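Structure first, commentary second.
Protein chains get the first letters and strands the later ones, always in sequence-line order, with residue 1 at the start of each. Keep in mind it's a predicted model, so treat the numbers as computed, not measured.
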There are 2 protein chains.
Amino acid sequence: MISQKAKYALRALVALAKQPPGKPTFIGEIAETQSIPKKFLEQILLDLKHHGLVASRRGKAGGYGLLRPADTISFGEVLRIVDGPIAPLPCLSKIAYRRCEDCKEEASCEIRRVFAQVADATRGVLDRTTIADALEARLPARLRDAVA
Amino acid sequence: MISQKAKYALRALVALAKQPPGKPTFIGEIAETQSIPKKFLEQILLDLKHHGLVASRRGKAGGYGLLRPADTISFGEVLRIVDGPIAPLPCLSKIAYRRCEDCKEEASCEIRRVFAQVADATRGVLDRTTIADALEARLPARLRDAVA
DNA sequence: TGAAACTATATTGTCCCTGTAGAGTAAGTA
DNA sequence: TACTTACTCTACAGGGACAATATAGTTTCA
């Protein structure tokens with residue numbers, strides 16, 4: 001299960017992607033249309049800003065906007081920022097590898113071998129799907145094929 | 001990330017699958033060889049017993065053993081027992097469907113559409129891989145192909 | 001009869017998730 | 001310049017899940 005926070009982050013990014021670029025959108029507007037607690041959303045967007053996904057302008061005509069084109073922001077990138085590692089086991093994470101305390105030998109670990117397949121399959125979808133993809137009613141062919 | 005408990009459960013089942021069938025294995029023996037806290041393992045095995053995966057015999061010559069052949073116990077089944085739903089979103093779970101509170105219309109939810117692909121990919125691996133598969137050094141062809 | 005092992009429930013401490021609070025800062029507007 | 005609006009940032013609190021431990025009891029076999 002992904003966290004509520006990650007879901008909010010993705011929904012906010014999708015909402016921003018729908019706006020005309022260049023014109024900032026109020027936090028309050030996103031919060032209302034997406035049913036996200038406003039103060040919580042502030043934290044989330046601030047976090048995304050620190051990671052260079054969105055930009056903000058203060059003041060009366062302020063708000064948030066995408067900093068990069070929607071087709072360069074993958075679901076995987078967002079999830080890693082908000083929820084941390086995607087891998088199902090710490091010893092399979094690329095961004096935060098950690099050895100399993102209670103595992104004698106990684107190479108011969110049966111559990112690890114199976115979950116490595118899961119991790120590949122998951123990353124195959126998340127790292128190749130962008131916010132722009134999500135907006136399209138039909139999924140791009142490269143993703144439909146990968147899953148079928 | 002799967003829970004520590006799920007990892008223990010899978011490792012215990014793999015260990016049991018390695019033993020000659022019919023002869024029970026001590027909890028203490030599994031706990032020691034797998035570096036699992038013994039009392040915690042007791043809870044886990046008890047849980048698996050309630051779900052019909054393993055059987056136990058009490059007394060001095062007691063212990064645990066697989067109740068079903070190892071090639072009929074899938075990783076997915078074990079994870080659902082121990083960790084609950086596998087789906088990344090509650091609205092995508094087959095065993096515990098729950099509507100997302102903050103989602104206007106499920107059919108048009110962009111997030112849901114993407115994570116449905118993730119769920120399919122994940123289940124593709126977990127529901128088709130069994131404890132018996134995990135014991136084999138090379139993964140069965142049907143799984144290798146699915147991921148490549 | 002006693003040891004070894006399983007059964008079951010209760011409890012504990014820690015950590016994270018979710019959300020709230022409030023003071024502060026910046027930018028446009030009259 | 002004063003005012004309003006909105007973003008920035010830090011702190012924190014309640015609840016629940018996770019991981020493990022504690023304790024008491026039961027069964028079986030030697």
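- A/R58 places no side-chain N or O within 3.5 Å of a backbone atom of A/G62 that could act as its donor or acceptor partner.
- Under a cut-off of 6.0 angstrom, the local environment of NZ in B/K104 is crowded, with over 12 non-hydrogen atoms contributed by other residues, nucleotides or ligands.
- Counted within 6.0 Å of CD on A/E32, heavy atoms from surrounding residues, nucleotides or ligands total 12 or fewer; the atom is thus considered open.
- Going from atom CE of B/M1 over to atom P of D/dA19 covers 12 Å, rounded to whole Å.
- Across all strands shown, A/G63 has heavy atoms under 4.0 Å from sugar-phosphate atoms exclusively, and none from any base.
- Helix bend of the helix from C/dT1-D/dA30 to C/dA30-D/dT1: the angle between its two end axes, each built from five pairs, comes to 0° after rounding to 10°.
- Note: CD (A/E29) to P (D/dT5) measures 16 Å, nearest angstrom.
- Remark: C1' of D/dG16 and CD of A/Q4 are 15 Å apart, rounded to the nearest angstrom.
- Nearest nucleotide to the side chain of A/Q43, out of D/dA11, D/dT5, D/dA20: D/dA11.
- Rounding to whole angstrom units, CD of residue B/E42 and P of D/dT26 are separated by 16 Å.
- Partners of A/A12 by side-chain contact (heavy atoms from CB on, under 4.5 Å), not counting sequence neighbours, listed by chain and number: A/I30, A/L41, A/L45.
- At the phosphate of D/dA19, neither OP1 nor OP2 sits under 4.0 Å from any side-chain N or O atom of B/Y8.
- The distance between atom NZ of B/K38 and atom C1' of D/dT21, rounded to the nearest whole Å, is 13 Å.
- The base of D/dT23 is paired with the side chain of B/K39 by a donor and an acceptor separated by under 3.5 Å.
- Across the protein-nucleic acid pair, B/K5 atom NZ and D/dT21 atom P stand 14 Å apart, rounded to whole Å.
- Here B/K5 contributes atom NZ and B/F40 contributes atom CZ; the two are 5.5 Å apart, rounded to the nearest 0.5 Å.
- The shortest distance between the side-chain N/O atoms of A/H50 and the OP1/OP2 oxygens of D/dC9 is below 4.0 Å.
- The side chain of A/Y64 lies closest to D/dC7, out of D/dT27, D/dA20, D/dC7.
- In this structure, A/R57 places its CZ atom 17 Å from C1' of D/dT8, rounding to the nearest Å.
- One distance of note links OG1 of A/T122 with CD of B/Q117; it measures 12.5 Å at 0.5 Å rounding.
- In the model, B/S3 has a side-chain atom that pairs as donor or acceptor with a side-chain atom of B/D83 under 3.5 Å.
- Bracketed by its first and final contacts, the part of DNA chain C lying under 4.0 Å from non-hydrogen atoms of chain B reaches from C/dA5 to C/dA10 in 5' to 3' order.
- Surrounding CZ of A/R98 are at most 12 heavy atoms belonging to other residues, nucleotides or ligands under 6.0 Å away.
- Judged purely by distance below 3.5 Å, without hydrogens or angles, the side chains of A/S108 and A/E105 pair a donor atom with an acceptor atom.
- Counting non-hydrogen atoms under 4.0 angstrom, B/I27 reaches the backbone sugars and phosphates but no base.
- Note on A/K49: only backbone sugar-phosphate atoms sit closer than 4.0 angstrom, heavy atoms only; bases stay farther off.
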### From CA spacing to verdict: side chain to side chain contact (heavy atoms under 4.5 Å, CB included), B/D127, B/F75
CA-CA 6 Å; B/D127 286 340; B/F75 272 55; over 6 Å; no
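- Mapped onto DNA chain D by nearest heavy atom, A/K60 and A/L46 fall at different nucleotides, with A/K60 at the one closer to the 5' end.
- Computed from coordinates, the A/L41 CG to D/dC7 C1' distance equals 12 Å when rounded to whole Å.
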